[in-house]
K.L.:
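Mind having a look at this structure? Questions to follow.
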2 protein chains.
Amino acid sequence: MREITLKEIAETLGISITTVSKALKNYPDVSEKTRKSVIALAEKLQYTPNSFAVNLRTKESKTIGLIIPEVVHHFFSNVINGIIAQAEKNGYLVIILQSNESLELEKKQVELLINKRVDGILMSLSNDSNDENHIKEILNRKIPFVQFDKISKLIPSSKVIINDQRAAMDAVQHLINKGCKKIAHIRGPINPQNAIDRFLGYKKTLEKNDIPFDSKLVYTCTHVTFEEGVEFAKQIIEEHPDVDGIFVITDLVAVGVLAHFNEKNIPVPNQIAVIGFSNWFMSQVINPKLSTVDQPSYEMGVAAFNLLLEEMICHKDALPFKPRTVELGTNIIERESTLRK
Amino acid sequence: MREITLKEIAETLGISITTVSKALKNYPDVSEKTRKSVIALAEKLQYTPNSFAVNLRTKESKTIGLIIPEVVHHFFSNVINGIIAQAEKNGYLVIILQSNESLELEKKQVELLINKRVDGILMSLSNDSNDENHIKEILNRKIPFVQFDKISKLIPSSKVIINDQRAAMDAVQHLINKGCKKIAHIRGPINPQNAIDRFLGYKKTLEKNDIPFDSKLVYTCTHVTFEEGVEFAKQIIEEHPDVDGIFVITDLVAVGVLAHFNEKNIPVPNQIAVIGFSNWFMSQVINPKLSTVDQPSYEMGVAAFNLLLEEMICHKDALPFKPRTVELGTNIIERESTLRK
DNA sequence: AATACTATCGAAAACGTTTTCGAAATTACC
DNA sequence: GGTAATTTCGAAAACGTTTTCGATAGTATT
């Protein structure tokens, strides 16, 4: 069985390729009679347009690229979920690549996607992205581009973010409202904007409440793992036994903290309250249940695609497009790990 | 700035498009001198071939499709990881779609990928895939196709699986070796082959050890959630208070079981031992740490892509290809939840 | 000097679609 | 009956690449 083409249909019907194409695309200048016969035959033969030819002709592939630090991550896999769903709803497919938090890989993958001529690129930066030349290249080529979650403020593109600083302020204020007087912070790596913002939110909230900021109470993750949570929990208890609250960069690390405290029989939340970030599924399963900041991951994927779509449409029609930033809301979720009397 | 094409290079160099193309692809019938000049200019202009045109001409896109039940799932996201990595290593990109365990969506997505003319398709079936017509369509069109994890034995394609029955036998035997006499099973949904196989493994192992099989001790998940684990744990305790071991279809559900037992202060493993399946990251974090069956997810992705690649190469060269099945090994991981004295 | 062979190049077709533009045929209008 | 307007169609170009096959020029062989 060979491929069905417009030519094939045209020949069996004794008409031109042009007319067949027009009939299938509802052009007005083809009679009702021929349109019907074309559509009938096309359905009978199960004709589907050769997408390679369509791509070449229309210069678009209805495919977008997505680069994220890692797929195996509850937050990102939820974002992926939202992106795929929204893309599919709008007739787009998604090619996914992961940078494994490596700038080198990230660069290579941007190049892959550019060469593939995807219609647009969605991206969350890797932690050691301090060089932006590869991103500039995307913008130079006028490829529609949207950043989400881990973004660089230096790059003039659309962005989807949460207000990390405000969310962190909410979290720390929550601890203070629960009576915490000496609050430690386990922060993310140096580079990423959201780790910086959460740290700033922590610091500001202390100051606002007349609690002195002490840089010794800040612990910096390098790999953001469960094990780091365990290790920092241990250090905090040893170095600052009077700490009564911890704000942790993300739930995974916070769960590590809880695990250590459980093992050492340190009562949470009564001796130390703990609040995490991003409302990982697991945080409501662990004991004690972890209070956290809910971060709308699926919605972030949807919003990111929507922004990209807008830009792709403008790009196609050669209209100007002004980058926009969408900021999504967050909520404190109070569970057992901050439920002090 | 406009797109650089072969024509552009040819004109500035005063030679034909043919020669430029050949020079860049190292054809033997172009002189060293012209080859050098072509390559030099191509690099200077940053020429990259228009992939749309290449696709049309070569009838391949170096892109494969992947359909899985859900992205947000520790096992599948690890498989995705392996597939993407191995594909990239071999010059392929991956389009990911998720069926959300819906046959309807699955059918639509197969159609999307066929129309997109991907070079091959990788797939793990959704739970209610009892109709195979859409898969047959893939095979009819001779599109390279590999199933993994959740497969249908009725479909003659390459497959990557684990030996679910044997793995289940190992797990149940482990419980028996630990002294369990009355073992319940929380099984997966009716349809999927691996749920069936694990159930059969459970049943056979009981028989082999002269423990009577009792269908009342088998509980069937419909959605395979944490909540189902909680609920079934409750039922088991109420209906069969003398059960001393449970083999659970997957870790997520097993964690639900442990959560309920923790709440009710039922000692695990001493009153009831629990073993899960697939070595979720979380199972070593929960208290008590969950014994489980380790399932090589990343490796499964790599193996699936490798099989697909073999088939794609044969397909391109019009060579015959015989479907193969790769079976990956599993290991019992003994942790606290089965550590009885 | 005629022949055979090699090295180097390019014309042209092909992949299958979309879209412009003009031609032909039909209908409407005065 | 003549002109104008409308309807319906198709030729052809274009998208950018790959590859076949033939042509030309130069070199080597008798």
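All values reported here derive from a predicted model rather than from experimental measurement. The sequence lines fix the lettering, A, B, ..., with proteins before strands; numbering per chain opens at 1. Computed over heavy atoms, backbone and side chain alike; hydrogens, waters and symmetry mates excluded.
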K.L.:
Do any N or O atoms of the protein come closer than 3.5 Å to N or O atoms of nucleotides 24-27 of chain D, and which pairs are they?
P.N.:
none

K.L.:
Let me know which of A:Val79, A:Asn78, A:Asp149 forms a side chain to side chain contact (heavy atoms under 4.5 Å, CB included) with A:Gln295.
P.N.:
A:Asp149
K.L.:
Just how far, in rounded Å, is P of C:dA11 from CD1 of B:Ile15?
P.N.:
11 Å
K.L.:
Any luck finding a side-chain donor-acceptor pair between A:Glu88 and B:Gln109 under 3.5 Å?
P.N.:
yes
K.L.:
Is a side-chain donor-acceptor pair under 3.5 Å present for B:His134 with B:Glu111?
P.N.:
no
K.L.:
Can you find a side chain N or O atom of B:Thr19 that sits less than 4.0 Å from OP1 or OP2 on C:dT8?
P.N.:
no
K.L.:
When you look at CD of A:Glu327, are more than 12 heavy atoms from neighbouring residues, nucleotides or ligands closer to it than 6.0 Å?
P.N.:
yes
K.L.:
Identify the residue among A:Asn191, A:Asn194, A:Asn127 that makes a side-chain hydrogen bond (donor to acceptor under 3.5 Å, both in side chains) with A:Lys150.
P.N.:
A:Asn127
K.L.:
Before giving the answer on salt bridge (Lys or Arg N to Asp or Glu O under 4.0 Å), spell out for A:Lys316 and A:Glu311 the whole-Å C-alpha distance, their side-chain angles and the decisive distance to 0.1 Å.
P.N.:
CA-CA 9 Å; A:Lys316 191 182 173 186; A:Glu311 189 169 347; over 6 Å; no
K.L.:
Looking only at non-hydrogen atoms, find the nearest pair between A:Pro49 and B:Arg117 and report the distance.
P.N.:
O-NH1, 3.4 Å
K.L.:
Should the ring pair A:His73 and A:Phe76 be called parallel, tilted or perpendicular, given that the plane angle runs from 0 to 90° and is split at 30 and 60?
P.N.:
tilted
K.L.:
Reading nucleotides 14-21 of chain C 5' to 3', which nucleotides get B (base under 4.0 Å from a protein heavy atom), which S (sugar-phosphate only), which -?
P.N.:
BBBBBBBB
